[in-house]
Amino acid sequence: LARNWNTGTPTDELSQKSFDMHEEVAKKLSLSSYRRLKCQSVAVDGTGAKPAGAKLKNLEWTDLGVRGSRLMGDESTIAQVHPKELCDAMWNHSERQGSKFL
């Protein structure tokens, strides 16, 4: 989930509201997987060589020829929740409120 990746677009307000609502739902339904985090963009060239001194040198998945990276967001703009946990919790909450699957 990203609060500001649609800034300046027609969906900007919707994205911000969605970000806030996901946090509200996560708290209300006590979702254990919801968390705020940092997001990093990593550029690779596919050569399989890591540059010396790269911050990502100890991460195996970055062994693709890292060319650079940049922060895309921090804990104030990025969050994550497991989709299955979210869907199951919303379904269970709906059933407790009297909803039925037809």
Side-chain angles (χ1 to χ4, degrees):
L1 305 165
R3 170 182 280 288
N4 61 351
W5 286 2
N6 292 314
T7 301
T9 72
T11 60
D12 183 15
E13 191 174 332
L14 178 64
S15 294
Q16 291 181 35
K17 184 65 175 171
S18 172
F19 187 86
D20 295 340
M21 290 177 72
H22 274 85
E23 183 173 40
E24 289 174 31
V25 168
K27 286 178 180 177
K28 181 174 181 147
L29 301 179
S30 302
L31 302 180
S32 62
S33 66
Y34 180 84
R35 63 187 179 135
R36 296 289 189 101
L37 62 154
K38 293 179 182 176
C39 182
Q40 192 83 12
S41 170
V42 180
V44 299
D45 65 12
T47 63
K50 295 181 193 175
K55 290 181 181 180
L56 305 173
K57 67 182 178 183
N58 294 323
L59 298 176
E60 292 176 19
W61 62 266
T62 64
D63 198 7
L64 300 170
V66 174
R67 304 296 292 166
S69 66
R70 70 176 179 89
L71 186 65
M72 294 178 66
D74 61 23
E75 291 87 349
S76 68
T77 61
I78 303 294
Q80 183 178 53
V81 65
H82 193 286
K84 184 175 185 330
E85 182 189 24
L86 175 61
C87 291
D88 287 349
M90 289 193 309
W91 181 258
N92 292 334
H93 179 76
S94 296
E95 285 186 320
R96 286 192 301 275
Q97 302 304 311
S99 296
K100 301 275 186 222
F101 180 74
L102 301 177

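Note: hydrogens, waters and symmetry copies are ignored here, and every other heavy atom, side chains too, is used.
- Side-chain contact between Val25 and Lys28 is absent, with no heavy-atom pair separated by less than 4.5 Å.
- Closest non-hydrogen pair, Asp74 versus Ser76, comes out as OD1-OG, 2.5 Å.
- Of all the heavy atoms in Leu31 and Ala89, the pair that sits closest is CD2-CB, 3.4 Å.
- Taking 4.5 Å as the limit, some side-chain heavy atom of Cys39 sits within range of a side-chain heavy atom of Trp5.
- The minimum heavy-atom distance between Glu85 and Ser32, with the atom names listed, is OE2-N, 2.8 Å.
- Side chain of His22 to backbone of Ser18: a donor-acceptor contact under 3.5 angstrom is found.
- Residues Leu86 and Trp91 form no side-chain contact, since every pair of their non-hydrogen atoms from C-beta on lies 4.5 Å or further apart.
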For salt bridge (Lys or Arg N to Asp or Glu O under 4.0 Å), just list the numbers for Glu75 and Arg35, CA-CA rounded to whole Å, side-chain angles, deciding distance to a tenth of an Å, and then say yes or no.
-> CA-CA 9 Å; Glu75 291 87 349; Arg35 63 187 179 135; over 6 Å; no

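- Looking only at distances, no side-chain donor or acceptor of Ser99 sits under 3.5 Å from a matching main-chain atom of Glu95.
- Cluster annotation: Met90 is connected to Phe19 through the hydrophobic network of ILVMFWY side chains, with a link wherever side-chain heavy atoms come within less than 4.5 Å.
- Atoms NE2 and CG, on His93 and Asp88 in that order, are 14.5 Å from each other to the nearest 0.5 Å.
- Taken from CD in Gln16 to CG in Asn6, the straight-line distance is 9.5 Å, to the nearest 0.5 Å.
- The list of salt bridge (Lys or Arg N to Asp or Glu O under 4.0 Å) pairs with a residue in residues 12-22, not counting sequence neighbours, reads Arg3-Asp20.
- In plain terms, the two heavy atoms of Ala2 and Ile78 that are nearest each other are CB-CD1, 4.0 Å.
- To the nearest 0.5 Å, atom CD of residue Glu23 and atom CZ of residue Arg36 are 4.5 Å apart.
- By the 4.5 Å heavy-atom criterion applied to side chains, Gln40 and Leu71 are counted as neighbours.
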Could you walk me through whether Leu29 and Tyr34 pass the side chain to side chain contact (heavy atoms under 4.5 Å, CB included) check?
-> CA-CA 10 Å; Leu29 301 179; Tyr34 180 84; over 6 Å; no

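- Atoms SG and NE2, on Cys87 and His82 in that order, are 10.0 Å from each other to the nearest 0.5 Å.
- Between Lys38 and Met72, every side-chain heavy-atom pair lies at or beyond the 4.5 Å cut-off.
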